[in-house]
Amino acid sequence: MLRYTLTRLTSLILSLVAASVVIFAAIEVLPGDPASVMLGVNAQEDTLAALRTELGLDQAPAERYVTWVSGMVHGDFGVSYTYRTPVAQMIVDRLQVSLPLALYALALTVLIAFPVGIWAASRRGSVADVSVMGLTQLGVAVPNFWFAMLMVLVFAINLQWFSAGGFAGWSEGPLLAIKSLTLPAIALALPQASILARVMRSALLDTLSEDFIRTARAKGLTRRQALWRHALRNAMIPVLTIIGMQFSFLLAGGIIIENVFYLPGLGRLIFQAISARDLIVVESVVMLLVFAVVMVNFLVELAYAFVDPRLRVRR
Amino acid sequence: MSEPSLSPAQTPSTLRIVLRSRSLILGLVLTLTFVAAALISFVWVPYDIATLDIANKIKGPSGAHWLGTDHYGRDIASMIMQGARTSIAVAVLAVGIGMLIGVPLGLWAAARRGSLLDEVIMRTNDLVFAFPSLLIAVMITSAFGPSATNAIIAIGIFNIPVFARLTRSSALSLWQRDYILAARVAGKGAARISWEHILPNITNMMIVQGTIQFSLGILAEAGLSYVGLGAQPPTPSWGRMLADSQTFISFAPHMALFPGLAILLTVLGLNLMGDGLRDLFDPKLRRGRT
Amino acid sequence: QKMDLTLGLQLEPPNLDPTSSAAGAIDQVVYSNIFEGLTRFGPDGSVNPGLAKSWDISDDGLTYTFHLVEGAKFHDGTDFEATDVKFSLDRARADDSTNAQKALFAGIASVDVVDPATVTVTLTSPDGSFPFKMAWGDAVIVAPESIDTIANDPIGTGAFKFSKWVQGDSVTMVKNPDYWGTPAQLDSATIKFISDPTAAFAAVMAGDVDAFGAFPAPENLPQFEADPRFQVLIGSTEGETILAMNNGRPPFDNKLVREAVAHAINRPEIIDGAMFGYGTPIGTFFAPHNPDYVDLTNLSDYDPEKSKALLEEAGVALPLKVKMTLPPPSYARRGGEIVAAELRAVGIEPEIENVEWSQWLETTFKGAHDYDLTIISHTEPMDIGIYANPEYYFQYDNPEFQNLMSDLTRVTDEAERSDMLKQAQTILAEDYVSGFLFQLPMQTVANAKIEGLWVNAPTQAADLTAVHWVD
Amino acid sequence: MSLLTIENLSLSIHGTPILHDVSLSVAPGQILGVIGESGSGKSMTAFATMQLLPAGAACTGRISLSGQDVLDLSEAQMCALRGNAVGMVFQEPMTALNPLKTIGDQVAETILVHERISRREAMDRARDALARAELPEDRFPLTRYPHELSGGQRQRVVIAMAIALRPALLIADEPTTALDVTTQAQILKLLTRLVREDGMGLLIISHDLAVVADMADEIAIMQRGRVVEHGPARTLFQTMQHPYSRALLAASTHAPDRDPVINDDALLVVQDVVRSYTLPRKALFGPPRVIHAVRGVSFQIKRGESLGLVGESGCGKSTLTRAILGLEQVQSGEITLGGQPVFTGHRPNPQVRRRLQVVFQDPYGSFNPRHRVGRLVTEPFHLSENPPQGAARAAAIAEALEAVGLTAADQHKYIHEFSGGQRQRIAIARALITKPDLIILDEAVSALDVQVRAQILDLLADLSDRFGLTYLFISHDLSVVRSITDRVLVMQLGEIVEQGATEQVLDNPQHPYTQQLVAAAPRLPEDV
Ligand SMILES: Nc1ncnc2c1ncn2[C@@H]1O[C@H](COP(=O)(O)OP(=O)(O)OP(=O)(O)O)[C@@H](O)[C@H]1O
Ligand SMILES: Nc1ncnc2c1ncn2[C@@H]1O[C@H](COP(=O)(O)OP(=O)(O)OP(=O)(O)O)[C@@H](O)[C@H]1O
Ligand SMILES: [Mg+2]
Ligand SMILES: [Mg+2]
């Protein structure tokens, strides 16, 4: 188990290094000068030069890359060009919205998908199965921002059950914060839950047709017992893979939903940062997201080993 | 080792299987409807959408305008027809990029399984996967200017690893087959075997995956256009129609409803078709055929 | 009685230091509320005393003596004194200053502290508009004690004290109990940033914000007007919205082509389609509410036939392919689509390119001025002088106009000034330098029980000092 | 009193009749062997007894288990019966166990499902059951996972599960088909022992007459859903009436007539061949793992000879084949065909390879399903310098197809239109088309039913007589090797441990491994 973890960890670090190079190079080619964005239309050339020096933009790219990476390793993500605050602090602030939102949406996804998927698989071919799977087809096909728009129209503007968006901050009490994340989380979760429910169902059906299920039935287990005790855990590998991918998607994919609900999350931060050419923020946030994706994959792989003894290295 | 003793009469014909699969039919009907709408729009649309008719703006559905008009007085039905063109073109090209690059890479990696090349291809793929796709699409399009072409490239890049991975894994299992060994005994090289034996046997799977990526492409294009990074005006696009309609939703919901439904139904159609095709190609359901 | 208010604004400031960044969003939050200058703009655009309760001008017009208010304190408790004025002005005009409007201070020769309540400013040449310049948000008075943290913890002398900033969401300020002047009527005010127009609409409708300044979606205003819960305030800004043409390169170096464009434009249709009827048509680069404004719209009335004839006369090949670069604001994006359709009707084929602000600045406004057409609103007050700069992105180089403008700074006689301004307006209109579209309106949506909001926007500010609730 | 009585059982799935009037019975302590070709309905009979039929199945008739009529029982009652009164063992040990649970848990589950006892007690009893199935705890702790066991050991776990509650009846559906002969013999012995010890009834299913001939008391032979022959094992072979049973018996013991002409010159010479595989490291800095698949093998095949190669799974037979075919380079040693090396430099030698052909085991996997037969059989022409074109090509195809008993018209069909036996003929046709000197047959008949196998063996014998072909015949089935080869090599762990004339080696094995192999091979009674 330790070896397995170490091997995975090494490849994780390699991916991160490769990713940092790619990100830095990609950002380098972004046209636009952060200094002129900050100073606006009437700025004079010497003012711009002064600001560029202040921001360290006059150094060579390689130099800036090294500064950036070594800073990050020490937890220093630099200072935002436009906000003039430490990027790390900004990320921490934004994560207080994006992370709970992603987790909330993921929890909803799992809470919807597992029962639905299991229920449909256990009633394969029945009217219930067909209609639930039809609904999930719709769920997969609906563009989440459109769904979000419709929800705002109904629940915020017409019914006024929820606020139309915004995030008051956790200091106003967790209940209020959770309430303001509810509509966005639903908008994010619905398509994901549909996908996961379908994966759950087909993974379960696959395992239900395996030989060992027949063995279990021959032991005297009922259909239901065989499903819960034998099929479910075996179906977890594809399901875990999808959950891992979904979490990364939810963390970064909130970008549009955060705009619809004007939530101050990472997605919106990066959007603003791109348009303001706040390169250091873009770099760091993308790096962070890549880090999150890689970490989640790492955890998912550890989870595989947890689920599946075959992946643990033989003693 | 059971022998499929199906006589020709018992072997269900492709057509009958297609007809039996409800999801395939529904999917085909929906998809073809939108493809047809896109094609017809080349020769005819109810109203010319290049000329604005501000005086008639934001009218609900009526006899003259079946789906109403938008904030410039353009006919929404015509916009949806021409928007289908954009969506389909972007998705087709993006999937095309993914397939044209991804499939050969996957075949190559599989043929040189375990080699450095295989490792490099697969690691690069993992790296692309590690990037949040929408975000990178946003970066690419805002870096190089928003346009349909850049949207195609941005979506296409993320299709490459999808196809490369799928190709590699299915090709790897095919490489274990005896008929590949037979071809090697016959002296055929890896490239030739990939072309002659592997590629034809993974086309079904590629078609299914292509359908799914196609629908994802349409959603991605809508998302990008929604944030203003897809096709540029005056080229109509469903995503931008939704973005434009946003502020009108409270008093002219038809402006948001119809383009949203267009996306929903097209994606639904493609997904149903993908599912149907998967069933059609599934050897478990159809013995005697691959 | 409610004592707090949530105001929605579209743009979040990148930081809260109005003296070193161009972003108008900074002024919107802090101007007058937190920071004050020697003078200040009134709601009607007039220049009123601020931290200087009065000033004297020497006869040669070169020396201004400002008499400062007494008892004013910064929010950190330090006193406001003449040294702070000297510090602020010297800082803004220093060589390494990053002040975005450095030109405002270019005429200053020296700043001298006479006593704690008196400052003299010596100019290099007479400038009648110096008090006007000192009213800008970029010229507010800051204190040396708090300058290092100003970007995130602004310390000013205003009626509100900065309280907290939830980045990406809102800025909160509370009443300054020690304010030297008329105290604020609210106990606290929160400014929430909602960039998306739909979200803005939803937020107002759902009551998440009590008022929204410069409401971005004019199409929603009728709904608010029809709803007794809300009031809609329509005012005007200093923003002349124009279709800028690149006079420096073909085809728009040809006046006939520019004239053709001018006649192809249907202003009422643009105002209706892009602004849903809000906005005043303009025929030249001047604010219609200004007493010196001349209505020259008839010079460029909508006449597509004439437009076609002019294009033929100009001898350009049709369809004439040009590039139209559009920055993010919806007046530009929507106006652009309509203008493009109108131009297409006369044979000009604009290819639309939507760009971010940064790109617009980079490619259109600066450097190579690589653009043919663009739509933009110039919101600085009294800025007709930009046409005198041949380097400006219009690439308009007319010595006659340039002389007129340089003469203008020397003339102090009001009637003569007025004549010269009218003459300048006419030159621009007759040269068809730009397509002149409309004056950008100021639309504020608010709860019907709120009073004291600014109707017009003579500068970018959301001055909340007089805002209060009524029953 | 009979333990299991099946009377006039008929079964249809979605309206397609599968079983017709099947009647069988098993008494306590009795072993009933059910034999039949693939698809004859053996498994369906077993599943009907357990009521574990696929969806859409409908039964008529009577199945009485310990006096209860199974067809009348509710699903809940059936659950109480399964695993308790009747246990079942399946064919595929590799997949019959849940990979995620320890073997102890899986065995204990049988007990826990039926009895209200603590987990500890259940574990104790699982330990006993595993010990009875010859998996003592000191060597096979209960905490092992299935992937940590070999196929034979897994099959023991499945048996332990089935007998944990000492059921009155055990059903074993081809329990040894996936196993090596030696392992097969052990499992069969174990089952026999358990039946004798507990007085349990056993219904054992197999497609191989010889497998059950030894152990069964009664034998039933099934064909197309019917029991065509039924009787005591001791006398059945003499008294068989039904033509199908007689044909089956004949095919099982069939030895083709051969008349080989063996020249003296060595066609293929394999000299000290070594081939090992380096597996990827498990850990980043761990040592690379090496598998020595073939370690120093030398032998010769004379022209016209048929040489057998036998050995257990994984002993290196296929690896050797690949080396001979020039598909992989060997680490050391040399392989020459007619004096020329198969590998020159680092590339296979096309001149040599053209003279070699191969037929694989799986008739379903050896053809690209997308090509027509004509294209499939001409694939070996790829190596020819001037392959026949047009009419010559058509003639070559026709000749090859006709040589294996098909018609020229078959070249326009797709492979899925052929049965397994026909496919194997096509595979042989493909091997013949270039008129090679040597054909390697890697388990070429192992996947076929006995009757088809007999036909193919006849065909091979006939072809070698007609064309003077040389065969390298790889098989794990000693009876087949005996019938078709002149000489045999016995391979163990990558080495040739014994070689000699086939009769001599198989009748009088010298090496202990060969002896073990011969002893384990199932045999029909001498007197048939
Ligand atoms: N799920 C199913 N649906 C329809 N037909 C089936 C199904 N399973 C088996 N059959 C058919 O039932 C018949 C008998 O199958 P069965 O599995 O009993 O054969 P068998 O004698 O056990 O063969 P084998 O030796 O290959 O295991 C075959 O013709 C098979 O095609
Ligand atoms: N490509 C490979 N990489 C690593 N190990 C291999 C490879 N091919 C074969 N081996 C190993 O070499 C040994 C011999 O394998 P081989 O396939 O030759 O056995 P075999 O005698 O043909 O067995 P079977 O009867 O099951 O076909 C086995 O332990 C196998 O795991
Ligand atoms: Mg069977
Ligand atoms: Mg083998």
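In the text below, chain A, chain B and the rest are named by the order of the sequence lines, each starting its count at 1. On a predicted model such as this, the values are computed, not experimentally measured, just so you know. Any value given below was found using the heavy atoms of this structure, including those in side chains, with hydrogens, waters and symmetry copies removed.
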Report summary line: The reported gap from CG in Asn368(D) to CG in Asp178(B) (rounded to nearest 0.5 angstrom) is 12.5 Å

Query raised in the report: Side chain, backbone, both or neither: which part of His207(D) has a heavy atom under 4.5 Å from chain B?
Result: neither

**Report entry** Contact class of Leu327(D) relative to chain B, heavy atoms under 4.5 angstrom
**Finding:** both

Report summary line: Smallest heavy-atom separation, Ala186(B) atom then Pro380(D) atom, equals CB-CA, 3.7 Å

Report task. Say whether, by atom type as modelled, one donor and one acceptor occur between the side chain of Arg370(D) and the main chain of Pro200(B) under 3.5 angstrom. Result -> yes

Report summary line: Here the gap from Glu196(B) atom CD to Arg375(D) atom CZ, rounded to the nearest 0.5 Å, amounts to 4.5 Å

Query raised in the report: What are the two closest heavy atoms between Phe367(D) and Tyr179(B), and how far apart are they?
Result: O-CD2, 3.1 Å

Query raised in the report: If you measure from CG on Leu181(B) to OG on Ser318(D), what distance do you get to the nearest 0.5 Å?
Result: 9.0 Å

Query raised in the report: What are the two closest heavy atoms between Val185(B) and Leu356(D), and how far apart are they?
Result: CG1-O, 4.4 Å

Report task. Examine whether an atom of Arg354(D) lies under 4.5 Å from a heavy atom of chain B, and if so say whether it belongs to the side chain, the backbone or both; otherwise answer neither. Result -> neither

